[in-house]
Every structure is written in structure tokens, then in C-alpha cells.
Asks: 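The structure is given below, and queries will be raised subsequently.
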Amino acid sequence: MIIETKKVVKSFIDENFKDHSIEFEVTIPEDISKGNLTCNAALILANRVKLQPHEVAEQLVKPLEKQDFINKVEVAGPGFINIFLTDDAFLNVVKEIREDITQLITQVEKPEKILIEFVSSNPTGPLHVGHGRGGVYGDTIARLLRLKGHKIHTEYYVNDAGRQMDILTASVWFRIAGIDDNEFPASGYKGTYIKNIATRWGDNNVDSSIVDEIQKLISFKDLPEDDEERIDFLIEQLKLITESSWGAVKNLALESMLDSIQDDLSSFGINFDLWFSESTLLEPSLTTKSKFQLMKDSLKEDDFEIDASGNVWFLSTNYGDDKDRVLIRDDGRPTYFGTDVAYHLDKLQRGFDTLINIWGSDHHGYIKRIAASIQSLGYDSSQFKVQLVQFANLIKDGSKIKMSTRSGNFYSLSKLIDEVGKDAARFFYLFKQADQHMDFDVDMAVSNSKENPFYYIQYGHARICSLQAKANLANTEVGSLNLEHLPNSCLSIVHELSKFPMIFDQACHKLTPHLLIFYLRDLTALFHRFYNEHNILDAPNEEKIAILQVLDAVKKTISFTFSTLGIKALESM
RNA sequence: GCGCCUGUAGCUCAGCUGGAUAGAGCAACUGCCUUCUAAGCAGUGGGUCGGGAGUUCGAAUCUUCCCAGGCGCGCCA
């Protein structure tokens with residue numbers, strides 16, 4: 001109805017106020033006395049054409065009054081146009097929700113092929129609660145955009161090629177050799193998951209001479225002082241000591257980490273279409289160069305240069321970045337940035353119209369250089385979009401929990417799922433806008449008390465299910481609703497239901513799924529209030545049927561929206 | 001120092017492409033369970049929308065300057 005109304009106003013303006021195409025809004029006012037819909041077009045247009053807003057409004061009223069879904073139109077306040085809809089318009093919403101709520105979702109005119117990349121956490125440790133937030137957000141965005149009609153592909157970029165992988169592998173070797181926490185290098189990964197990998201390796205292959213050498217290496221007194229230099233030195237030595245086993249342990253470690261990450265995500269309802277391996281970008285095939293090489297060949301020639309020591313620089317400042325960036329180190333190894341450029345080129349070459357990357361907010365400084373590289377590769381940087389997700393602080397017993405992967409001291413995602421449950425966890429992640437800092441209060445999420453908003457909506461859904469079971473009218477025919485039989489206080493529920501398409505559109509357009517949760521809470525509140533005021537099952541039969549049809553629409557709105565957010569609505573509590 | 005994000009009720013947050021009296025939940029206080037699930041409902045109190053200036057018919061929303069907090073500013077990923 002909003003969309004229809006907007007069309008009417010817009011075409012009237014196009015006809016009668018040529019050259020004044022304006023952006024205006026049709027919204028649903030808080031106060032029902034201001035109509036079911038309200039339009040601010042006259043205020044904006046009056047400014048342009050230098051007329052009184054009232055005069056303009058009076059003209060805009062005319063075409064609206066002719067619409068059969070509109071009952072009454074008023075000009076109010078400084079020049080708002082308040083629109084009152086017919087009963088049928090509302091009843092139609094209830095009917096459509098009950099038939100098939102997805103028909104209320106307006107499909108995009110031009111469906112796009114969109115690749116959404118998210119989580120992409122280094123496979124050097126288990127996922128923690130921060131990754132969970134990005135994961136749930138990305139997954140939900142994918143679901144929303146799919147429903148809008150876009151073609152969505154999801155991807156996890158696996159950083160399996162860099163120094164971090166060597167540190168991971170070295171850490172496993174230290175544990176294989178029985179190095180304990182006292183002697184363990186500060187820059188290594190200490191977590192118990194490393195011990196588990198070491199144990200898996202130890203089950204079938206233990207070479208005691210290697211173990212001896214590693215122990216000797218660790219106690220060697222002339223190791224570099226600096227933590228980072230020391231770990232790099234140790235890695236170099238370990239590669240010599242372990243020879244061919246190095247690669248095998250590395251593979252085992254990577255595989256174990258990916259298994260664990262995959263398990264955590266899938267228990268969160270998050271699955272990826274593709275796990276993209278960074279290292280494949282560096283592997284030439286028999287017939288072609290590596291994707292990395294091909295990327296370098298595709299960059300504009302003016303956009304890179306080689307310095308005296310042999311580093312290859314990408315001149316991202318040509319595109320507004322603060323600094324130029326090294327693409328290839330003097331020893332020939334690509335930087336992280338370098339392979340990432342190759343990855344993005346690969347994405348674009350696969351024919352995606354839009355790339356959406358969901359990154360932790362600490363990566364915001366990285367946006368410009370990737371956008372720059374995309375331009376240099378000859379693509380339009382507007383195809384590349386980044387949604388930043390802010391950190392999630394974990395609150396337990398009223399205080400923040402600090403997290404660090406290296407020390408092995410963190411609150412893992414799997415622990416969160418165990419304690420809070422998938423659905424409540426997803427709910428709380430989505431309860432706040434993704435690009436805002438958030439405190440995730442674990443105690444609140446698990447509490448069965450009234451302070452937990454998750455159960456508020458669930459309870460509403462369960463109550464309706466219970467009513468339906470008792471009334472035995474769950475399948476009341478669609479379309480037989482008559483507004484006369486509906487008590488006034490139930491009408492406000494119908495009004496709220498009519499907002500659904502608008503809210504859903506906003507959530508998709510702005511990539512803000514939290515709007516849907518806030519909407520459900522408002523909708524549920526109206527139901528709970530109504531439930532307390534009316535003894536539904538004792539109402540006269542016609543009234544009861546009418547009410548239950550509206551409540552069925554509420555129930556379907558909750559369960560559909562929840563399922564879109566990856567949450568299962570409870571039938572009973 | 002530069003960049004991004006944030007500052008709205010005691011707490012957690014909506015609202016931010018400017019719009020009609022600033023919202024919700026929790027907490028506090030007062031009521032409502034012999035009646036469809038009280039994980040609920042009704043009501044009361046609580047605000048210089050961090051501060052100043054500006055833009056205009058109109059600002060929590062836009063601009064600018066301050067103040068406070070988070071994050072980033074690697075040939076780490």
C-alpha cells in the first residue's frame with residue numbers, strides 16, 4: 001500500500017510539476033489519528049516551487065482520493081498528507097500473510113549476482129564470540145537478499161598461505177615434542193586445541209629423534225630476544241629438523257582447524273557455498289600462471305613500481321589511499337594484501353555484479369586499498385561493498401571477558417552455543433545494529449526471566465499456537481475475514497501487520513536485520529496486550545474466528561521472520 | 001597527529017537519506033493469576049538526545065568546533 005501510494009503521488013508530481021522530481025516519503029505514523037499512512041511530499045515540493053505547503057498538499061490529495069484502497073485523505077499540520085485506508089486494504093494484508101507471506105516481499109527489479117564473503121577468520125584458532133557476530137550477520141544478510149530475489153553466493157576465504165600457518169604448525173610441533181607452558185614461545189599458539197592436534201599426530205607418528213632435537217632447540221640459549229624474531233627463527237629451524245613431516249603436520253593442523261571452524265559455524269546454522277583457499281591463488285597450473293601472477297599482469301602498468309631492494313609496490317595513492325602498499329616482498333613472497341587483490345579479481349572474473357565483504361571494524365583502514373586495486377584492475381569500485389561489524393564484548397557475571405587467540409584464553413563460539421543455544425545467540429547478535437559496539441550479556445541470554453527479550457517473542461508465538469490448538473481452528477479458511485467481527489483493539493494488530501512489507505524492505509535495503517527483531521517485539525507486545533484484555537476463546541463464534549485469523553497472521557509473521565533470521569519459533573514453552 | 005565508529009532515561013539500546021508532543025525493554029514503585037501459558041498485562045516516576053555554534057519553516061537526525069570512549073594507521077593476517 002505504501003508502494004502504491006508513493007506511485008500515485010510520484011506520477012502526479014511528474015505530470016503536474018515537471019522538472020521537480022523530488023525524494024519524498026510515505027510512512028506509517030505512530031499516531032493513528034494521523035492516518036494509516038502519511039506523506040511529506042507537499043512540504044518538500046513547496047520548498048522547490050515556492051508555494052505554501054498547504055496549497056501543494058491540496059493538489060496532491062486529489063489523485064489519492066480516487067484510489068479504491070484509500071478511504072479518506074486529510075491535509076494536516078504544516079502540510080502533511082494523512083491517508084486513511086479502507087478496511088479491505090487491511091484485510092487483504094491479513095489474507096496475504098496467511099496464504100503466503102513471501103508474496104508481500106517486493107522482488108527487486110534487477111536481480112544481481114552477489115558474492116557475500118564473511119567470517120574468513122584465520123584458521124589458527126577456534127572461532128570466538130567476535131567471529132560469531134560477523135557470521136550471523138553475514139548469514140542473515142544472505143538470507144534476506146535471497147528473499148528479495150538476488151542470486152546469492154557465500155564464501156569463506158581461508159588464509160592458509162601465510163606466516164600465521166607456519167606459527168600454527170610450529171606450535172603443534174612444540175606440543176608434539178612435549179614443550180610445556182613455561183618454555184612455550186610467547187608468539188606461539190598455546191591453546192588446548194593445539195595439544196589436541198599434537199595428540200592426533202602423535203597417535204600414529206612419533207619420531208623420537210625429532211622430539212629430541214626440538215627440545216634441544218627450545219632450550220638453546222642464543223635464541224633471538226624479540227618474540228617475533230624468535231618464532232621466525234624457530235620456524236626456520238623446525239622446517240629443517242622435521243623435513244617432510246613439516247608439511248604433513250601443517251596439513252593436519254589446517255584440516256583440524258577448518259573442521260572445528262566448520263562445525264562451530266554449522267551448529268550456528270551457517271554454511272558456505274565455497275571455502276576459498278588462499279594458497280590456490282599462488283599455484284600455477286600446467287598451462288597457466290598462478291592467479292596471483294595473472295592479477296599482477298592485469299593491474300594498470302602505471303599503478304605499481306619496484307623499489308631499490310626489490311619490493312613491488314601497488315600505488316594505491318593513485319586512487320586516494322593514504323599510503324602505497326607492498327604487493328610482493330623483495331624475497332618474492334606476496335603480502336596478505338597481494339593475495340587478497342588476486343582473490344578479489346577472481347571473484348569479479350567469476351561474474352558477480354556486487355561483492356559484499358563483511359569485515360571486523362578493525363579492518364576499516366583496509367577498504368581503500370582494496371577498492372583502489374579493483375579500480376586498477378579495470379572494474380568499478382562501486383561493485384565492492386564492505387559492511388563493518390563492530391566488536392562484541394562478552395559480559396559474564398557483570399564484567400567484560402577479554403579475548404586473545406594466542407594466549408589460548410578466550411570464550412569460544414562453541415562454548416557460547418552450548419551455554420546460550422543457537423537461536424538465542426543468533427537473536428542477541430542480531431538484536432543490535434552490526435556496525436555498533438555491542439555487549440553480549442551471556443547471563444541475560446540464558447536467563448529464563450522476563451529480562452530476556454528473546455522469550456518475549458517466543459512466548460507470543462507459543463501462546464498463539466496454544467490458542468489455535470484449543471480452538472481447533474488453525475486452518476480457518478483464508479479469505480472469510482470480516483472486519484465487523486473484529487474488536488477495535490484487535491485492529492491495531494492488523495495495522496501493525498500492515499507495516500511488515502515496509503520493515504522487511506528497509507531491513508534488506510539498509511542491511512539492518514535488527515529492524516525485524518524490533519518490529520517483532522512491537523507486534524508481539526500488541527498481541528500480549530490483546531490477549532490480556534480479551535478472552536478470545538469465549539468470544540462469539542464469528543468474532544472468535546475473525547480474531548484467530550488475525551492471530552494466525554501474527555503467528556506466521558513471527559515464524560517467518562524468525563526463520564529468515566535463522567531462528568526457530570517455539571510452538572510451546 | 002590522521003582516519004573510521006560511538007555518546008539518546010539509572011542500565012541495554014531503537015529512532016539518524018531533517019518532519020508533526022523524543023521511543024522500547026530492563027531496573028524502581030503501584031496494581032492484575034479459582035478464568036485461553038503471569039516467560040504476560042495495566043499504570044507511575046525518570047531526558048540540557050555529550051557540549052557550543054551554524055544551516056531553515058522545522059535538527060536527536062545535516063555542517064563545524066570542542067569534550068569523552070572504542071578501533072585502526074605493518075613488507076601481521
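Throughout, a chain's letter reflects where its sequence line sits, starting with A, and its residues are numbered from 1. This structure is a prediction, so every number in the text was calculated from the model and none was measured.
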Asks: If the threshold is 4.0 Å, N to carboxylate O, is there a salt bridge linking A:Arg230 and A:Asp227?
Replies: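 Here A:Arg230 pairs with A:Asp227 in a salt bridge, since their nearest N and O are under 4.0 Å apart.
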Asks: Classify the side chain of A:Asn82 and the base of B:A20 as holding, or not holding, a donor-acceptor pair under 3.5 Å.
Replies: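 Such a pair exists between side chain and base.
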Asks: Can you find a donor-acceptor N/O pair under 3.5 angstrom joining the side chain of A:Asp435 to the base of B:C5?
Replies: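 It does not, because no donor-acceptor pair links the side chain of A:Asp435 to the base of B:C5 below 3.5 Å.
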Asks: For nucleotides B:A14 and B:A24, find the distance between their C1' atoms and express it as a whole number of Å.
Replies: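 Between the two C1' atoms, the distance is 7 Å.
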Asks: Does A:His514 reach a base, just sugar-phosphate, or nothing at all? Heavy atoms under 4.0 Å.
Replies: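 A:His514: backbone/sugar contact only, no base atoms under 4.0 Å.
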Asks: In the strands shown, is B:A38 matched to any nucleotide by a Watson-Crick or G-U wobble pair with both distances under 3.5 Å, and which?
Replies: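 By the stated definition (distances under 3.5 Å), nothing pairs with B:A38.
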Asks: May I ask you to check whether A:Tyr137 and A:Tyr429 place their ring centres under 6.0 Å from each other?
Replies: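 Judged by ring-centre distance (under 6.0 Å), A:Tyr429 and A:Tyr137 do not meet the cut-off.
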Asks: Got a donor-acceptor pair under 3.5 Å from the side chain of A:Lys34 to the base of B:U21?
Replies: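 Under the 3.5 Å cut-off, the side chain and the base do form a donor-acceptor pair.
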Asks: Heavy atoms from C-beta onward define the side chain here; which of B:C5, B:C36, B:C75 lies closest to that of A:Ser466?
Replies: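 For A:Ser466, the side-chain atoms sit closest to B:C36.
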Asks: Starting from C1' on B:G74, measure out to CG on A:Asp340 and report it in whole angstrom.
Replies: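 Value for this atom pair: 15 Å.
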Asks: Check for a donor-acceptor pair, side chain of A:Arg426 on one end and backbone N or O of A:Leu565 on the other, with a separation under 3.5 Å.
Replies: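 A pair under 3.5 Å: yes.
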Asks: Can you figure out which of B:C76, B:U17, B:C4 approaches the side chain of A:Arg163 most closely?
Replies: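 The nucleotide sitting nearest to the side chain is B:C76.
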Asks: Relative to the ring of A:Phe314, is the ring of A:Tyr319 parallel (under 30°), tilted (30 to 60°) or perpendicular (over 60°)?
Replies: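 If you compare the ring of A:Tyr319 with that of A:Phe314, the planes turn out parallel.
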Asks: Please determine whether a side-chain nitrogen or oxygen atom of A:Arg369 lies at a distance below 4.0 Å from atom OP1 or OP2 of B:G72.
Replies: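 Checking A:Arg369 against B:G72: no side-chain N or O falls below 4.0 Å of OP1 or OP2.
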Asks: Tell me whether the side-chain N or O atoms of A:Thr335 pair up with the base of B:A77 as donor and acceptor below 3.5 Å, since no angle test is needed here.
Replies: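 Donor-acceptor pair under 3.5 Å: no.
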Asks: Please tell me which of the listed nucleotides, B:C36, B:A20, B:C13, lies nearest to the side chain of A:Asp439?
Replies: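 The listed nucleotide nearest to A:Asp439's side chain is B:C13.
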Asks: Does a nitrogen or oxygen in the side chain of A:Arg521 sit under 4.0 Å from OP1 or OP2 of B:A14?
Replies: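 For B:A14, neither OP1 nor OP2 has a side-chain N or O of A:Arg521 closer than 4.0 Å.
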Asks: Give the ring-plane orientation class for A:Phe454 versus A:Phe428, where under 30° counts as parallel, over 60° as perpendicular and anything between as tilted.
Replies: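 Ring orientation, 0 to 90° scale: tilted.
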Asks: Any side-chain N or O of A:Gln164 less than 4.0 Å from the OP1 or OP2 oxygen of B:C76?
Replies: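 So the side chain of A:Gln164 is outside the cut-off, no N or O lying under 4.0 Å from OP1 or OP2 of B:C76.
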Asks: Pull up the glycosidic torsion of B:C33 and say syn or anti, syn being anything within 90° of 0.
Replies: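 The base of B:C33 is oriented syn (glycosidic angle within 90° of 0).
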Asks: When you check the phosphate oxygens OP1 and OP2 of B:C73, does a side-chain N or O of A:Lys368 lie under 4.0 Å from one of them?
Replies: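 It does not, given that no N or O in the side chain of A:Lys368 lies less than 4.0 Å from OP1 or OP2 of B:C73.
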Asks: Taking A:Ser171 for its side chain and A:Tyr189 for its backbone only, find out whether a donor-acceptor pair lies under 3.5 Å.
Replies: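 Checking the backbone N and O of A:Tyr189 against the side chain of A:Ser171, a donor-acceptor pair under 3.5 Å is found.
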Asks: If you measure from the P atom in B:U34 to the same atom in B:U8, how many Å do you get, rounded?
Replies: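 About 43 Å, rounded to a whole number of Å.
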Asks: Tell me the interatomic distance from A:Glu25, atom CD, to B:U17, atom C1', rounded to whole angstroms.
Replies: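 Rounded to the whole Å, the gap is 8 Å.
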Asks: Please confirm whether the shortest side-chain N or O distance from A:Arg333 to OP1 or OP2 of B:C75 is below 4.0 Å.
Replies: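 No, because none of the side-chain N or O atoms of A:Arg333 sits under 4.0 Å from OP1 or OP2 of B:C75.
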Asks: Are any of A:Gln433's side-chain N or O atoms less than 4.0 Å away from OP1 or OP2 of B:G15?
Replies: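 Yes, within the criterion.
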Asks: Check this for me: does any side-chain nitrogen of one of A:Lys250 and A:Asp166 sit under 4.0 Å from a carboxylate oxygen of the other?
Replies: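 Answer for the salt bridge query: yes.
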Asks: Which nucleotide in the set B:C4, B:C75, B:A14 lies at the smallest distance from any side-chain heavy atom of A:Leu388?
Replies: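 Within the option list, the nearest is B:C4.
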Asks: Just the rounded figure in Å: distance from P of B:C75 to OH of A:Tyr366.
Replies: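 Distance, rounded to whole Å: 12 Å.
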Asks: For RNA chain B, whose closest nucleotide is more 5', that of A:Phe337 or that of A:Leu537?
Replies: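 Going by which nucleotide is closer to the 5' end, it is A:Leu537.
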Asks: If you only use heavy atoms from C-beta on, which nucleotide in B:C36, B:C16, B:A20 is closest to the side chain of A:Ala76?
Replies: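 Side chain of A:Ala76 sits closest to B:A20.
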Asks: With both distances under 3.5 angstrom, what nucleotide forms a Watson-Crick or G-U wobble pair with B:C33?
Replies: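 In the structure as shown, B:C33 has no Watson-Crick or wobble partner.
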Asks: Suppose you measure atom C1' in B:C62 against the same atom in B:U55; what distance do you get, rounded to whole Å?
Replies: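 These two C1' atoms come out 8 Å apart once rounded.
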Asks: To the nearest Å, how far apart are A:Tyr156 OH and B:A77 C1'?
Replies: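 Rounding to the nearest Å, OH of A:Tyr156 and C1' of B:A77 are 12 Å apart.
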Asks: Check this for me: does any side-chain nitrogen of one of A:Lys148 and A:Asp505 sit under 4.0 Å from a carboxylate oxygen of the other?
Replies: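 Yes, charged N to carboxylate O under 4.0 Å.
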Asks: Could you give the distance separating B:C16 and B:U61 at their P atoms, to the nearest angstrom?
Replies: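 Those two atoms are separated by 13 Å.
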Asks: So what's B:U48 paired with, Watson-Crick or G-U wobble, going by both distances under 3.5 Å?
Replies: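 Pair assignment: B:U48 / none.
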Asks: Say we look at B:A77 and B:A53: how far apart would their P atoms be, to the nearest angstrom?
Replies: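 Between the two P atoms, the distance is 50 Å.
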Asks: What distance, rounded to whole Å, do you find between the two P atoms, one in B:G31 and one in B:G70?
Replies: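 It comes out at 44 Å once rounded to the nearest Å.
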Asks: Taking atom P of B:G25 as reference, at what distance in whole Å does atom CG of A:Leu523 sit?
Replies: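 Computing the A:Leu523:CG to B:G25:P distance gives 15 Å.
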Asks: Of the nucleotides B:C75, B:A24, B:C73, which one has an atom closest to the side chain of A:Lys323?
Replies: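 Of the options given, the side chain of A:Lys323 lies nearest B:C73.
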Asks: Starting the side chain at C-beta, find the nucleotide from B:C5, B:C75, B:A77 nearest to A:His437.
Replies: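 Nearest to the side-chain atoms of A:His437, counting from C-beta on, is B:C5.
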Asks: With rounding to the closest Å, how many angstrom separate the P atoms on B:G15 and B:G3?
Replies: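 Straight-line distance between the two P atoms is 26 Å.
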Asks: Using the ring centroid of each side chain, check whether A:Tyr456 and A:His528 are separated by less than 6.0 Å.
Replies: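 Aromatic pair counts; centres sit under 6.0 Å.
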Asks: What about A:His364: does its side chain form a donor-acceptor pair under 3.5 Å with the base of B:G3?
Replies: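 Yes.
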Asks: Is the aromatic ring of A:Phe80 within stacking range of B:A20, meaning centres under 5.5 angstrom and planes under 30 degrees?
Replies: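 A:Phe80 ring centre within cut-off of B:A20 base, planes near parallel; stacks.
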Asks: Assign A:Leu515 to base, sugar-phosphate, or nothing according to its heavy-atom contacts below 4.0 angstrom with the strands shown.
Replies: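 Sugar-phosphate: the residue A:Leu515, judged by heavy atoms under 4.0 Å, touches backbone atoms but no base.
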Asks: Could you tell me the Watson-Crick or G-U partner of B:A59, where both distances fall under 3.5 Å? Say none if there is no partner.
Replies: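 With both distances under 3.5 Å required, B:A59 matches none.
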Asks: Using the P atoms only, state how far B:U12 lies from B:G19, rounded to an integer number of Å.
Replies: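 My reading of the P atoms in B:G19 and B:U12 gives 26 Å.
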Asks: Please give, in whole Å, the distance from B:C41 P to A:Asn535 CG?
Replies: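 Atom-to-atom, A:Asn535 to B:C41, this comes out as 17 Å.
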Asks: Indicate whether OP1 or OP2 belonging to B:C41 is found under 4.0 Å from a side-chain N or O atom of A:Tyr456.
Replies: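 So the side-chain polar atoms of A:Tyr456 do come within 4.0 Å of the phosphate oxygens OP1 or OP2 of B:C41, strictly under.
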Asks: Just name whichever nucleotide pairs with B:G7, Watson-Crick or G-U, keeping both distances under 3.5 Å, else none.
Replies: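 Across all strands, the one nucleotide that pairs with B:G7 is B:C67.
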Asks: Using heavy atoms to find the nearest nucleotide of RNA chain B for A:Thr38 and A:His363 separately, return the residue whose nucleotide is more 5′.
Replies: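 Upstream on the strand: A:Thr38.
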Asks: Quick test of your reading of the model: are A:Glu117 and A:Lys347 salt-bridged, counting only N-O distances below 4.0 Å?
Replies: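 Answer for the salt bridge query: yes.
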Asks: Checking all strands, does A:Phe518 fall into the base, sugar-phosphate, or nothing category for heavy-atom contacts under 4.0 angstrom?
Replies: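 Here A:Phe518 touches the backbone only, sparing every base.
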Asks: With heavy atoms under 4.0 Å as the rule, sort A:Arg529 into base, sugar-phosphate or nothing.
Replies: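 Sugar-phosphate: the residue A:Arg529, judged by heavy atoms under 4.0 Å, touches backbone atoms but no base.
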Asks: Partner of B:G72 by Watson-Crick or G-U wobble geometry, both contacts under 3.5 Å, or none?
Replies: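 When the pairing criteria are applied, B:C2 turns out to be the nucleotide that pairs with B:G72.
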Asks: Could you tell me whether the side chain of A:Asp362 has a donor or acceptor atom within less than 3.5 Å of a complementary atom in the base of B:G72?
Replies: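 A donor-acceptor contact between them is absent.
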Asks: Which one, B:C75, B:A38, B:C5, comes nearest to the side chain of A:Gln390?
Replies: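 When the side chain of A:Gln390 is considered, B:C5 is the closest of B:C75, B:A38, B:C5.
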Asks: Output the rounded distance in Å from CZ (A:Phe530) to C1' (B:A42).
Replies: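 To the nearest whole Å, that distance equals 16 Å.
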Asks: When the distance from CG of A:Asp552 to P of B:C36 is rounded to whole Å, what number comes out?
Replies: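 It works out to 22 Å between those atoms.
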